[in-house]
Amino acid sequence: MRKMKKVAVLCLTAAMTMSLLAGCGGTKKNADGETTEVTTEAESTEEEETTTEKATEEETEEPTTEALGVSDGDKVININFDDKDTDGFHTYTNGGNEEMTNEDGELHINIKKTGSADYANQIYYDGFRLYQGCVYEYSFDVRCDIERTIEWRLQINGGDYHAYTSDVITIGPETQHITAQFTMEEDSDPAPRLCFNMGKQEGMTGDEAEHNIYFDNILLEAVDASGAQQVEATPDPMAINVNQVGYLTGDSKVATVIGKNAKSFEVIDVTSNKSVYSADLPEEATYDPPSEMFCKQADFSSVKDAGTYKIKTDDGEESAEFKIGDDIYGDLYKDVVLMLYNQRCGVELDSSIAGEFAHPACHTGEAVVYGTDKKIDVTGGWHDAGDYGRYVVSGAKTVQDLFMTYEDNEYKADDIGIPESGNGVPDILDEARYELDWMLKMQDDNGGVYHKVTCDVFPETVMPEKETAQLIACPISNTATGDFTAVMAKASVLYKEYDADFAAKCLEASKKAYEYLSGNMDAHGFSNPDDIVTGEYPDTIFRDEAIWAAVELYAATGDDSYKKAVDAIIEGDDIVNYGLGWADVGYYALYDYIKYDGGSAKANELFFNEVDKTVEQIKDNGFGVWVSPTKTFAWGSNMNIANKGMLLLMANKLKPDADYVKYASYQRDYLLGRNAVGYCYVTGFGTRTPLHPHHRPSQVLDVAMPGMLVGGADSNLEDPYAKAVLLGKAPESRYADNAQSFSCNEITIYWNSPLIYLLSGLGNTK
């Protein structure tokens, strides 16, 4: 049983600053500026939704850290609270109620309510390391003004959150000095957690009167480091970085060679081991600030024969193998799309499709509408990310990307392998409809749309059917209502030829939602209620959602009143966030506005200014990737990069330009291996692929679900594991393939969806 639950807030720790986001356990910002769930678990620090295009592009202040080693006598943790501070400790409650202060040089925990679980009240501390083979002594002083039991733990801060060592002790008014010696038997852990569980322990009733617990002189010391093993380092970058899946015949094919030494390169046919192409590299290497590397570009676009190849330089370095051909993306594309099926909620997953990730129907109970006794049916939809929450705003982005894949790329395959395959409706629309059917259940009678449905806290590391806590439909938000309006209006157009009744239902729901939105434009954006700690996806600016809603209703109905509403906001002084994320949706609005009737001059100016800026930002990068003006990578940076590739393909639909397609393909290549860490960021593909995503089913089964795009580099070091192993690395190299690193290695449906559009838009995915 997991002893530590998620912590809703990641505060700054002493030795290693922990930045809090809004995802799985709070809120986090991703590359897109979108907010992602950030969980800090008391037993699990996580995670999980993502961020917005506007958000975290600033580097957090980097903490200092000791060398990666340990010696006899090292005081790994040494806190006496004499500075009148709480010294990096943080609180977590789950049904309990506690307050933490420093009182007269002791850490004082006022337990106002014991709660019903052992972790109902918890304090925790991060920012240290444990080395395999090292013998440690852990000690602390503790007292309490009543007699009761508590548990202390030193544990892993991810996965199943098991303890390396722990004990349940009885405490009372007399100060006790607790001492325990242990040997770290497991692999070295660069980011463990120390915690105290002060909820209901065995033998307690859970309704104890308010009481106080005091801690002091907390010491973790290495007493015998002779057998200590080093913390495992992240892999070295590859000397030659390529798209590890491969290149289509007509692609612009470029590899990035790291360093200054290589003078020339060859393309080697792996089957024959013969060179099929050779060329000189640029004489001078170019310095690439985001990777802090010198790079040379190896262009082999003229190689067009189908086959398996590798790049070799004159100094003996070799790339990963890759393919060239017109039929190389079928398996990848299928798995990237089927990831959405594997994330379906409320239905039994078919083992013939989901394989070992099949499971019984989950989350089938009704949800309580927050703050009321009302219950509603919320079955269906997709699990959003590494946890099991379902969110209208992120779901709407995902659906829109699927709609655009169908429209722009004419992707109408009906044989991808979902249960609906072969029904005469394109599978991409069938999969989107699974989410739409759930979203329709999220609309209130007044037209407004509930923001999300989750439990009050993040689940344990369990399969979805094992999360059985009460579901809660969180309050209506304008962002959810606006996004709902937009995708339902668009659905009314796209499904008309396949199911006219469903299309009409979607249009009616869209109009009703728009009426609610129009009457509540002065409302505040969504934020979590105080007692809900799951992913927040907050967004206080919703003029972009209002534009998008009006554009899609205009396209669906031809009613000029919607067009006037669009122009009024675009031409007005209101703040509008333009992007392709879950928080900033303005470019979806501008694109469909221009595509539908040419749009206004201002709409075209706004859209193509961003396109041109994107091209310029890509041109000078050593890996051909879009990087923010600050040269940093935000949480969920891979979504931002996929979004930029998508933006360029959208622009090419409106105004064909070969450069748009070329630079869009470079974003695909980056995601599939042409990057500073040499990872193909899609699970199950490439020579170096993520094996340990922050994704509960993958963690439970100890195997990565295939076809998931992980978050990628995060400059801001926004989880304890990242802080421990990535400090000092260049912004583009701040990626760790570890389930504990939720800011680097989580997954989401709306990171996969722009990749679906990008892959289908660039070429053959059969």
Side-chain angles (χ1 to χ4, degrees), residues 16-17 19 29-31 51 55-68 190-191 231-244 254-262 284-297 317 319-320 617-641 644 666-667 669-681 688 690 710-738 741-745:
M16 295 191 173
T17 307
S19 163
K29 296 268 183 181
N30 65 7
T51 90
T56 39
E57 294 195 337
E58 298 176 49
E59 289 254 29
T60 56
E61 182 179 352
E62 293 187 352
T64 59
T65 186
E66 72 275 16
L68 293 180
V231 172
E232 183 180 352
T234 55
D236 290 332
M238 293 185 176
I240 306 171
N241 294 278
V242 297
N243 177 333
Q244 295 171 18
V254 181
T256 296
V257 178
I258 305 302
K260 301 179 180 181
N261 296 331
E284 298 293 330
T286 301
Y287 183 71
D288 180 57
S291 65
E292 298 177 4
M293 295 175 178
F294 284 92
C295 303
K296 293 184 178 183
Q297 307 306 314
E317 299 289 355
S319 74
Q617 288 166 333
I618 292 170
K619 279 183 177 179
D620 296 329
N621 183 268
F623 295 87
V625 67
W626 174 86
V627 182
S628 74
T630 58
K631 308 301 182 188
T632 58
F633 288 72
W635 188 318
S637 61
N638 283 344
M639 180 197 67
N640 282 349
I641 291 161
K644 292 300 183 181
Y666 287 0
Q667 309 318 293
D669 296 344
Y670 171 92
L671 297 173
L672 300 183
R674 188 190 169 199
N675 53 62
V677 293
Y679 266 89
C680 175
Y681 281 123
R688 183 181 285 179
V710 300
D714 180 0
S715 303
N716 299 319
L717 301 176
E718 294 177 278
D719 64 68
Y721 190 90
K723 290 179 185 300
V725 303
L726 301 176
L727 180 65
K729 290 187 176 290
E732 192 178 331
S733 298
R734 290 186 170 184
Y735 168 74
D737 177 21
N738 190 285
S741 185
F742 50 83
S743 67
C744 295
N745 221 32

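Between the R688 side chain and the A320 main chain, no donor and acceptor come within less than 3.5 Å of each other. Formation of a donor-acceptor pair under 3.5 Å by the N241 side chain with backbone atoms of M238 is found in this model. Between the side chain of D669 and the backbone N or O of G673, no donor-acceptor pair lies under 3.5 Å. Looking only at distances, a side-chain donor or acceptor of R734 sits under 3.5 Å from a matching main-chain atom of K729. Of the possible donor and acceptor atoms, none in the side chain of E317 sits under 3.5 Å from a partner among the backbone N and O of I258. The backbone N or O of G259 lies less than 3.5 Å from no partner atom in the side chain of K296, so there is not a single donor-acceptor pair. Between the S637 side chain and the A713 main chain, a donor and an acceptor come within less than 3.5 Å of each other. A donor-acceptor contact shorter than 3.5 Å links the side chain of Q667 to the backbone of G624.
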**OP:** Please assess I641 against L671 for the test side chain to side chain contact (heavy atoms under 4.5 Å, CB included), listing each intermediate value before the final yes or no.
**Re:** CA-CA 8 Å; I641 291 161; L671 297 173; 4.1 Å; yes
**OP:** Just do the side chain to side chain contact (heavy atoms under 4.5 Å, CB included) check on T286 and F294 with the steps written out, would you?
**Re:** CA-CA 5 Å; T286 301; F294 284 92; over 6 Å; no
**OP:** Carefully, step by step, assess E292 and Y287 under the rule side chain to side chain contact (heavy atoms under 4.5 Å, CB included).
**Re:** CA-CA 7 Å; E292 298 177 4; Y287 183 71; 3.5 Å; yes
**OP:** Dump the intermediate steps for side chain to side chain contact (heavy atoms under 4.5 Å, CB included) on Y666 and N243, then the final yes or no.
**Re:** CA-CA 9 Å; Y666 287 0; N243 177 333; over 6 Å; no
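Proximity of P690 to Y735: side-chain heavy atoms (C-beta onward) are separated by under 4.5 Å at one or more points. Side-chain contact check for L727 versus L717: some heavy-atom pair is nearer than 4.5 Å. Proximity of C744 to L726: side-chain heavy atoms (C-beta onward) are separated by under 4.5 Å at one or more points. Looking only at side-chain heavy atoms (C-beta outward), N638 and Y670 come within less than 4.5 Å of each other.
Under the side-chain contact (heavy atoms from CB on, under 4.5 Å) criterion, P290 pairs with D288, N621, V627, K631, F633, E732, not counting sequence neighbours. Every residue two or more places apart in sequence or in another chain was checked for a ring pair (Phe, Tyr, Trp, His ring centres under 6.0 Å) with Y721, and none qualifies.
Summarising the geometry of S291 relative to A730, their closest heavy-atom pair is O-CB, 3.3 Å, with the distance given to 0.1 Å. Residue S743 comes nearest to D719 through the heavy atom pair OG-OD2, 2.6 Å, listed as atom of the first residue, atom of the second, then distance. Annotation for A736 and S741: closest pair O-CB, 4.1 Å, computed over non-hydrogen atoms. The shortest non-hydrogen separation linking I240 to A255 is CG2-CB, 4.2 Å. Of all heavy-atom pairs spanning Q244 and G678, the tightest one is NE2-O, 2.9 Å.
Side-chain N/O atoms of N745 and N738 include no donor and acceptor closer than 3.5 Å. At a cut-off of 3.5 Å, with distance as the only test, a side-chain donor of R674 or T256 sits close to an acceptor on the other residue.
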